[in-house]
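Letters A, B, ... mirror the listed sequences (proteins, then strands); counts begin at 1.
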Amino acid sequence: MGAKRKKEDAPEMAEDADIDDGGSRDRRNRQKVEKKEEFRPSMIKNKEKRSAAHAKLKHQKKLEKRKTKKAREAADKQALELGEEPPQRSVPRTIENTREADETVCKPDDAELFVANDADEFSSILRRERAPKILITTCRFHSTRGPAFISELLSVIPNAHYYKRGTYDLKKIVEYATKEDFTTLIVVHTSRREPDALLVTSLPSGPTAHFKLSKLVLRKEIKNHGNPTGHVPELVLNNFTTRLGHRVGRMIQSLFPQNPDFRGRRVVTFHNQRDYIFFRHHRYIFETKESKQQDSKSKKGKDAEDKSTGQQVIARLQECGPRFVLKLKSLQHGTFDTRGGEYEWVHKPEMDTSRRRFFL
Amino acid sequence: MPRTTTVECPGCPPIRALTFDALGLIKVTESRGNSGIPQVVERWGDADSSKRVLAASIDDRANDPILAVARKNSTIEISNPLNGDIFVSISNIGDGDAHPEDDDNDIAGLHLFKKSRSVGSCSLLTCTTKGNASLRSVDITPAGNTNNDGASNSWKVCAAGNILCAKVHGSEKHALFGGKGVEVNLWDLESSTKIWSAKPPPKNSLGIFTPTWFTSATFLTGDDHRKFVAGTNSHQVRVYDASAQRRPVISFDFRETPIKSVAEDHDGYTIYVGNGSGDLASFDTRTGKLLGCFLGKCSGSIRSIARHPDHPVIASCGLDSYLRLWDVKTRELLSATFLKQHLTCVVFDSNFSDKEVAPDAQNTGEIPGEDEQEALKPAKRKKSSEEMKGKKKSSRDYGSKKSKKKSRQIESEE
């Protein structure tokens, strides 16, 4: 729609620009007249008539849409019968797939990237030379949802230990955790009894990421939730494409042991979409069912090709919380230091000039 | 409708910049033509995190330029900035007994002397974090034997604390050192004696004393070694005048994160300040007033700023792994080049535009890479001669071209 209008506008504007002398005014007037002639329901002043016209227009559009849909389906069917390739489905244009071109997106054949990966702070954990050991603590004052969230985090992240914050400085805690061979420190910040920020510091020298935490749903609030087992979870990291995203992804990866227990059928997902990182925690199961139940909702069951045996395998998911969204605020070089810290990346308001620019 | 093209940067005059990164790579970025877009043309060295570059210095004279690079594994490499050939690699710069991986043995400052340079050798000033400064002359014959003990003169700059910045004055007779727990002090290099040291500012009205922690320093002018500027970790920039007093003449705050780099302009009073969260601004040191900020979506700590000797351009680089070139007058971003790694240092090769003319006559056959550039020479020469005619004129030209370009852009958008 927008594109069309722009194209229509363009020649007019060009004409305006070309002629700047006295003749331009009357020409502009004529254009105005032309514009007036084109009918729009909003030009009708009587409300009843206007709404009627509008409804009519809408109905026409709906019919048109249905028509094109039917035509598409017919073409698909015909192609299927003739054994040809079905015509290509048009992909909807979303903000995400029209993101601005970014040269920092990692390329798979970049040798420098692999060397940089080997040299970074997480490589010893990801190569299983060090086992991850997480210290979880809170801000100075926390209550209600904070402790509940922490107890759920403890069940999500293996080898995580909760320590009371007390009145210690964060720098002292970093020192202590480094001495005790912790690999990561997580601070859950609570504001007005609601967890609202997460500070993840890799130890001993690694970067510090500050995330905003929102939309927290605890396990108890999820309907039909499951209870996680003690197995090491599988980890799914989606869409961490740029160099910064890659680094954040590796940081998250270093929170979990690198040897998932597939028997546990537990999966932890960090899904990045438009710079928001969605956290989900699931259990899954593969079930065999009689083919009588054709109307099962699961798509995978239909896709499975063992229909002939009368059995189908369906995968079922059960969410076992918590559920939350993270947004990166800053990535600091080195451990926590607000006064003398150097940032690798900080979110600044001047960067928000386009809805289609993403950093992760 | 989504914007599918990015906003184009105006491009910059012919510039050759060398950047040094955390993996020990040296990348050469060049922009050709009057408003070219800089591109990485060469990459020297193998990626290895133990060879992280800590400091670099260039002697960019027209014939026989050299480049010195200090690395994390306490070696200094002296190479040719035109093609990256290493002349000499000096290892184990610091104390013999210290471990190479030790942080104390890192080189905080490196300077290559430009004036007192004879053929086949050069002199270097190095300063480690611990405060061991040493002045040595190095043989750079093609044989490349590591002449370590060749006439070296070392002394201790500070008893305690860490040196974080060291800078040599343009006349190369005086040097400036400062760091964590070390007040800025001025040394005479000929006699290697301390001639002046700063005094910390008094406690504030609440009786709180901010600990001394200098992160960067620079001299203001080429002809007066007594005026200099230092940036502190407590986001303060201090202007000192050694002839007037031991406390700063003017000090002013800049944002909230530590000042990470300071660079001077040729006019003797403007300075460029970069801090830990990627803000870059220029200040007038006579009044301490902010002249303006350089805005360009820069989000990582600025580790190094360099001023081009001829063109009105500064370069900044840092942890966001972009090399950014800015116009000094309009404070506009000319271009940003993504260089993939955390950058530690940037230097300009100022002889770039007329470089093609000079080596051709003087040292033919010395540089093998030169042959490929042969084709470009006539055009290059014309450009350089144009620039010789009038710097001001060219800059104005450059501005008008920009506006023309802009108007063209607008037309195309419509």
Side-chain angles (χ1 to χ4, degrees), chain A residues 1-7 9-14 16-17 93-95 97-107 110-116 118-120 123 207 242-244 330-334 337-348 350-357 359, chain B residues 1-7 21-25 27 43 46-52 103 180 210-211 213 215 232-235 256-260 274-279 293 295-303 318-322 336-342 407 410-414:
Chain A
M1 281 286 287
K4 244 181 213 168
R5 195 187 302 153
K6 206 166 191 182
K7 262 174 206 165
D9 283 356
E12 290 168 22
M13 301 259 278
D16 279 0
R93 191 193 288 141
T94 60
I95 287 186
N97 65 22
T98 53
R99 74 185 277 181
E100 272 180 22
D102 191 351
E103 70 258 35
T104 67
V105 169
C106 296
K107 289 171 190 77
D110 192 356
E112 257 183 61
L113 174 68
F114 298 121
V115 181
D118 285 342
D120 76 359
S123 64
T242 64
R243 275 312 272 266
L244 179 71
S330 69
L331 186 68
Q332 194 182 326
H333 193 70
D337 186 0
T338 43
R339 291 202 64 189
E342 252 187 306
Y343 291 92
E344 284 178 30
W345 185 83
V346 205
H347 183 265
K348 287 182 183 172
E350 72 198 44
M351 299 194 279
D352 293 332
T353 49
S354 164
R355 298 208 299 154
R356 294 166 204 277
R357 186 182 304 125
F359 300 100
Chain B
M1 192 49 202
R3 190 170 68 198
T4 47
T5 55
T6 49
V7 181
D21 62 35
L23 286 182
L25 300 171
K27 287 179 184 165
R43 208 188 88 173
D46 314 316
D48 181 1
S49 60
S50 70
K51 282 164 63 176
R52 180 151 63 92
D103 272 356
K180 188 181 177 184
T210 39
W213 192 340
T215 48
T232 67
N233 197 51
S234 51
H235 54 87
E256 262 109 41
T257 45
I259 308 295
K260 283 290 168 187
N275 76 359
S277 59
D279 301 309
C293 282
L295 297 174
K297 303 186 183 72
C298 180
S299 58
S301 168
I302 293 172
R303 285 277 179 92
L319 293 184
D320 68 344
S321 36
Y322 272 99
T337 322
F338 183 58
L339 295 174
K340 294 179 186 175
Q341 309 301 336
H342 291 170
S407 65
I410 290 162
E411 271 172 37
S412 67
E413 267 171 27
E414 280 168 357

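- Expressed to the nearest 0.5 Å, how far NZ of B:K260 lies from CD of A:E342 amounts to 4.0 Å.
- Summarising the geometry, atom CZ belonging to B:F338 is positioned 8.0 Å from atom CG belonging to A:D102; distances are rounded to the nearest 0.5 Å.
- From B:L339, atom CG reaches atom CD of A:E103 across 9.5 Å, with rounding to the nearest 0.5 Å.
- Looking at A:R339, the atoms closer than 4.5 Å to chain B (heavy atoms on both sides) sit in the backbone and in the side chain alike.
- With a threshold of 4.5 angstrom between heavy atoms, B:D279 approaches chain A through its backbone and through its side chain.
- When side chains are defined from C-beta on, A:V115 counts as touching B:L23, because their heavy atoms get closer than 4.5 Å.
- Interface remark: A:D118 contributes no atoms to any contact with chain B (heavy atom separation under 4.5 Å).
- Counted within 6.0 Å of CD on A:E350, heavy atoms from surrounding residues, nucleotides or ligands total more than 12; the atom is thus considered enclosed.
- Ranked by heavy-atom pairs under 4.5 Å with chain A, the list B:H235, B:R43, B:E256 is led by B:R43.
- Under a 4.0 Å N-O distance rule, the pair A:E112/B:K27 qualifies as a salt bridge.
- Open room surrounds NZ on B:K180; 12 or fewer heavy atoms of other groups in view lie less than 6.0 Å from it.
- Ranked by heavy-atom pairs under 4.5 Å with chain A, the first of B:A22, B:P258, B:G296, B:S234 is B:P258.
- When B:S277, B:S299, B:S301 are each tested for a side-chain contact (heavy atoms from CB on, under 4.5 Å) with A:W345, only one passes: B:S299.
- Remark: A:N97 CG is packed, more than 12 non-hydrogen atoms of other residues, nucleotides or ligands lying under 6.0 Å away.
- When all heavy atoms of B:S49 and A:A119 are compared, the pair lying nearest together is CB-CB, 3.4 Å.
- When each of A:T104, A:D110, A:L113 is paired with B:K340, the side-chain contact (heavy atoms from CB on, under 4.5 Å) condition holds for A:D110 and for no other.
- Inter-residue side-chain proximity for A:E344 and B:D320 is flagged as unmet; no heavy-atom pair is nearer than 4.5 Å.
- Here the OH-OG1 distance, from A:Y343 to B:T257, works out to 7.5 Å after rounding to the nearest 0.5 Å.
- Looking at B:I302, there are no atoms closer than 4.5 Å to chain A (heavy atoms on both sides), in backbone or side chain.
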